[in-house]
Amino acid sequence: MPSTSSDKGPFKTVTGLAAAMREENIDTDIIFPARFLLITARSGLGEYAFHDRRFDAQGKEVPGFVLNSEQFREAPVIVAGANFGSGSSREQAVWALLGRGTRVVISSSFGEIFYSNCLRNGVLPILLPQDDVAALMEAAQSGAVFTADLETQELRVDGQGARTFSIPAERRMAMLNGWDETDQIINQYSPAIDAFEQGQRRVQPWLYQEEQDA
Amino acid sequence: MTALRTLYEKLWDSHVVAELPGGDSLLYIDRHIVHEVSSPQAFVAMRESGRKLRRPETHLGVADHAVPTRTRGGEIPDPQARAQVAELEGNVAEFGVPYADLTGPEQGIVHVIGPETGFTLPGTTVVCGDSHTTTHGAFGALAFGIGASEQGTVMAAQALPQGKARTMKVELVGKRHPLIDAKDIALALIARIGAHGAVGHAVEYVGPAIAGMAMSERMTLCNMTIEAGSRMGMVAPDEVTFAYLKGRRLAPRGAAWEAATAYWRTLASDPGAAYDRIVTLDLDLIEPQVSWGTSPNQTLPIGAMVPSPAAIADASERRETEKALAYMGLEAGQPLSSVAIDHVFIGSCTNGRIEDLRAAARIAQGRKVADGVRAIVVPGSAATRALAEAEGLDHIFRDAGFEWRFAGCSMCVAMNEDRLAPGERCASTSNRNFEGRQGPGGRTHLMSPAMAAAAAVSGHLADVRDFA
Ligand code: SF4
């Protein structure tokens, strides 16, 4: 099922088909072309996901693109070539994926900012060795059903053994529970932040001189 | 006896607020730069949760990505861009964030004005909703790009959970040809280690060539570090850094300046400190570089031929090459120097500084932009533009047939009217040659400012050394 938004909802398991994108270096400009960044909303961006791959200059669907195929149009999983999500910091790339129903992305490497943006928005980025990704690519194309289980950190695929993956512990807890990171930090660490500032004020007082040119 | 530490480790250690249970650390954030495109959703989150900025004065707002560069002042023609700038202006006013006004003397690209105003300082953590925040690492700062959700966290909490990176030392040895620019070095490095060659690493540039480099070139190197996959590039602060910063509006003054420089001197990596990975680049061997493909690692010396997929053994690399050549409209085996161009873009946070404009002007001086080529020069900031005009560079460019624009990101990201039409080819000093980066269907060749000027006057990709 494509979900329209869900940054705060808990993430436990996702089950469904996987769209295979063999290509490497699918950067954030491919996932969400810059010209759509003029839109300041964060919902409703699904239609722009992979826009210039999905549509030709006339706005017609490009038949060969996997997300335009009948079978994989609504696949909640993407298996991609190396360096998926490289490039810009735009969180729109993740919001657009979410908007079209992508909840799990699998690759042998990710752009780092994209990776952390995924975790903050309930999209699960699964990092696996290249050989595994290649095998999963085949499975995806043959229509195997994928289940990503964040609780057990296991990826189960029809006809294949389970593979384990790992997600940083705090991020995993936050995703499983649908916690808001900012709230968590303010609630738990405000005293530590106060203390840090007091210490830094002694070592680098110039960082606290608000009005340099007064 | 304390352990020997690298610059990165010193910056990291001095910003840890708390160790988090899962192994990440909560890092204190000293500086946050805010632009119109990536920040709206962060301000919405602040408003919805009723939060205030913890330290408004540690943020700096500016509009750069979507702003027109043909004219400045008056109404922005594109309604979406106009709305986005207006939203930023409303947000900075509401939340008390210092703002570099669009028509004021400090407007410019986030990564150009941070350093120019002295907002970026050694020993600090600097973030921005922009991946090229790596640029500020040139000052010995821990600087990295973040997403909009993280921006909201920084605004409210002044801190961000981060995992510690591995360290990578890039050692520049040898002596470069005088026309070899930091951009050539950066492109050669990315071609060598790959577009994800530095993922997970904090990169530090060292070596005698660094000591002799102006801040502008150090910034170019650090700027391009993200194109190798690393969120952080850095250079230890030294006398060159201090000379650049002294007297900048937000730099410390008087006794505070003395105390600050004394502190900054302690940041350099300890001799003998260990790195997880070391890459050595011999500058003697580096020639002027141009990218031929759609990823920055698809770069070759200007004297080379367009690569031939048939000659590539690795299947995935062959596919990537075929795909790139098809998109770029290039023939395998064609000399790169024969590739005709339609556009030239000189500017961006990579190469929009005064030194870059001077380098391009030296080639443009007394020459003409080739027939059929449209060339624009877009200074990285209003201050850079004013300085260039004081030096007469605008005349050199205009006389040669270049357009002289107002500051902004412009054709680096194609969010304003400066963009390529499908199939058009551009010699560009920006940082990304991704598909559609300069407009849907547009084709980008990355290079140094002098190389871009050489292409402009030649009408095709050209070797700047032929213009010496
Ligand atoms: S000039 Fe280009 S890379 Fe730099 S901040 Fe602007 S859009 Fe980003």
Side-chain angles (χ1 to χ4, degrees), chain A residues 7 22-25 27-30 33-35 37-42 52 57 81-83 86-92 94 109-114 116-117 120-121 168-173 180-183 185-186 189-190 192-193 195-197 200 203-207 209-210 212-213, chain B residues 17-18 20-24 26 28 30 37-38 40-41 49 57 66 80-81 84 87 123-124 129-131 145-150 152-153 156-159 161 163 195-196 199-200 229 231 249-250 252-253 256 259-260 263 295 316 319-320 323 413-415 422 432 434-437 440-441:
Chain A
D7 48 318
R22 274 180 195 284
E23 197 179 334
E24 293 184 13
N25 302 316
D27 53 64
T28 49
D29 279 79
I30 296 176
R35 60 190 188 280
L37 292 172
L38 287 166
I39 303 163
T40 56
R42 54 183 287 177
D52 297 345
N83 210 21
S86 55
S88 118
S89 63
R90 65 189 65 155
E91 204 157 318
Q92 283 85 351
V94 178
S109 64
F110 290 101
E112 291 185 60
I113 308 176
F114 173 82
S116 65
N117 283 340
R120 283 179 171 77
N121 287 281
E170 292 90 18
R171 313 268 18 114
R172 178 168 157 269
M173 286 306 287
D180 178 87
E181 176 171 87
T182 309
D183 277 344
I185 292 171
I186 291 175
Y189 294 101
S190 285
I193 295 169
F196 178 90
E197 285 175 348
Q200 195 189 43
V203 183
Q204 301 187 67
W206 54 90
L207 297 182
Q209 274 170 270
E210 261 73 277
Q212 293 289 344
D213 52 350
Chain B
V17 171
L20 303 175
D24 282 2
L26 188 63
Y28 192 78
D30 299 314
V37 174
S38 58
Q41 299 84 356
S49 58
E57 73 284 358
Q80 275 185 313
Q84 210 162 46
E87 189 165 340
T124 58
D130 196 284
S131 60
I146 58 176
S149 299
E150 292 174 303
T153 304
Q158 208 77 35
H196 46 115
V199 168
R231 270 178 105 168
R249 183 170 69 79
L250 295 168
R253 292 170 191 279
Y263 175 76
S295 177
S316 98
R319 256 199 322 271
E320 295 300 310
K323 181 191 83 179
V413 67
M415 287 192 62
R432 287 194 173 136
F434 297 168
E435 285 180 26
R437 174 74 179 188

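Quick note on labels: first sequence line is chain A, next is B, and so on, each numbered from 1.
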CA sep, side-chain torsions, deciding dist, call: A/N117, B/E150, side chain to side chain contact (heavy atoms under 4.5 Å, CB included): CA-CA 8 Å; A/N117 283 340; B/E150 292 174 303; 4.0 Å; yes
Interface moiety of [X] toward chain B, non-hydrogen atoms closer than 4.5 Å:
{"X": "A/S109", "value": "side chain"}
{"X": "A/I185", "value": "side chain"}
{"X": "A/F114", "value": "neither"}
{"X": "A/A41", "value": "backbone"}
{"X": "A/Q204", "value": "side chain"}

Taking all non-hydrogen atoms of both residues into account, name the closest pair between [X] and [Y] and its distance.
{"X": "A/T40", "Y": "B/Q84", "answer": "CG2-NE2, 3.4 Å"}
{"X": "B/G147", "Y": "A/E91", "answer": "C-OE1, 3.1 Å"}
{"X": "B/M415", "Y": "A/L37", "answer": "CE-CB, 3.6 Å"}
{"X": "A/E24", "Y": "B/E320", "answer": "N-OE2, 2.8 Å"}
{"X": "B/F434", "Y": "A/D29", "answer": "CD1-OD1, 3.4 Å"}
{"X": "B/G22", "Y": "A/A169", "answer": "CA-CB, 3.5 Å"}

Measure distances from [X] to the heavy atoms of chain A and classify the residue's part below 4.5 Å as side chain, backbone, both or neither.
{"X": "B/P422", "answer": "neither"}
{"X": "B/D30", "answer": "side chain"}
{"X": "B/A18", "answer": "side chain"}
{"X": "B/R437", "answer": "both"}

Interatomic spacing from OG in B/S295 to CG in A/N25 - rounded to 0.5 Å: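 Those atoms lie 4.0 Å apart.
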Side chains of B/S149 and A/E181, donor plus acceptor under 3.5 Å: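 Their side chains do not contain a donor-acceptor pair, so the 3.5 Å distance test is not met.
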Modelled atom types, side-chain donor and acceptor of A/S88 and B/S131, under 3.5 Å: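 No, no side-chain donor-acceptor contact under 3.5 Å.
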side-chain hydrogen bond (donor to acceptor under 3.5 Å, both in side chains) against B/T124, all qualifying residues, sequence neighbours excluded: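 Here no residue qualifies.
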Under 4.5 Å, counting heavy-atom pairs only, tell me which of [options] racks up the most with chain A.
{"options": "B/A260, B/A414, B/G123", "value": "B/A260"}
{"options": "B/A159, B/G436, B/P440, B/A156", "value": "B/P440"}
{"options": "B/G163, B/A259, B/A66, B/G441", "value": "B/A259"}
{"options": "B/V37, B/V413, B/L20", "value": "B/L20"}

